Amino acid sequence: MSNKVYIVNNGGHDYTDAQRFGDLVFCTHGTLDKFDTSQMYRELTEAMFDSQPEDYILLTSLTSLCCIAAAIFAQK
């Protein structure tokens, strides 16, 4: 099975270099409401549903979004 690289937000950057670590999965897209952490959690939980221990997170975008993504991975 191929590893996945979960990119917490597709902010328009070039992420092609991350493909050497696995298939790219974008969890959220564009501008986010920095105060709506519940919505961030819902979107990340859905996007990371099939994540495995050997997968990666590419931290980008809001610090709160990255923290929530790391917490979801740690819980799994």
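What you are looking at is a predicted structure, and each value in this text was computed from that prediction instead of being measured.
- A 4.5 Å side-chain heavy-atom check between Leu32 and Asn9 finds at least one atom pair inside the cut-off.
- Between Val8 and Thr28 the shortest side-chain heavy-atom distance does not fall below 4.5 Å.
- Transitive grouping of hydrophobic side chains (ILVMFWY, heavy atoms separated by less than 4.5 Å) brings Ile7 and Tyr56 into a common cluster.
- A 4.5 Å side-chain heavy-atom check between Tyr6 and Phe26 finds every atom pair outside the cut-off.
- Residues Ser64 and Met40 are in side-chain contact: their nearest non-hydrogen atoms beyond the backbone lie under 4.5 Å apart.
- Taking 4.5 Å as the limit, some side-chain heavy atom of Leu44 sits within range of a side-chain heavy atom of Leu65.
- Put simply, the side chain of Asp55 gets close to the backbone of Lys4: a donor and an acceptor are under 3.5 Å apart.
- One finds the CG atom of Leu62 at 9.0 Å from the CG atom of Asp33 (value rounded to the nearest 0.5 Å).
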Trace of the side chain to side chain contact (heavy atoms under 4.5 Å, CB included) decision for Cys27 with Met48:
CA-CA 7 Å; Cys27 300; Met48 297 179 176; 4.0 Å; yes
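- Heavy atoms from other residues, nucleotides or ligands lying under 6.0 Å from NZ of Lys76 number more than 12.
- When all heavy atoms of Gly22 and Val5 are compared, the closest pair comes out as N-CG2, 3.8 Å.
- The hydrophobic clustering, which links ILVMFWY residues whose side-chain heavy atoms are closer than 4.5 Å, places Leu59 and Leu24 apart.
- Taking the side chain as every heavy atom from C-beta outward, Asn3 and Phe21 never approach each other to under 4.5 Å.
- At least one side-chain heavy atom of Asn10 sits less than 4.5 Å from a side-chain heavy atom of Tyr15.
- The two residues Leu58 and Ala18 come nearest to each other via the heavy atoms CD1-CB, 3.7 Å.
- Residues Glu46 and Arg42 form no side-chain contact, since every pair of their non-hydrogen atoms from C-beta on lies 4.5 Å or further apart.
- How far CD of Glu54 is from OG of Ser2: 10.0 Å, rounded to the nearest 0.5 Å.
- The local environment of CD in Gln19 is crowded, with over 12 non-hydrogen atoms from other residues, nucleotides or ligands closer than 6.0 Å.
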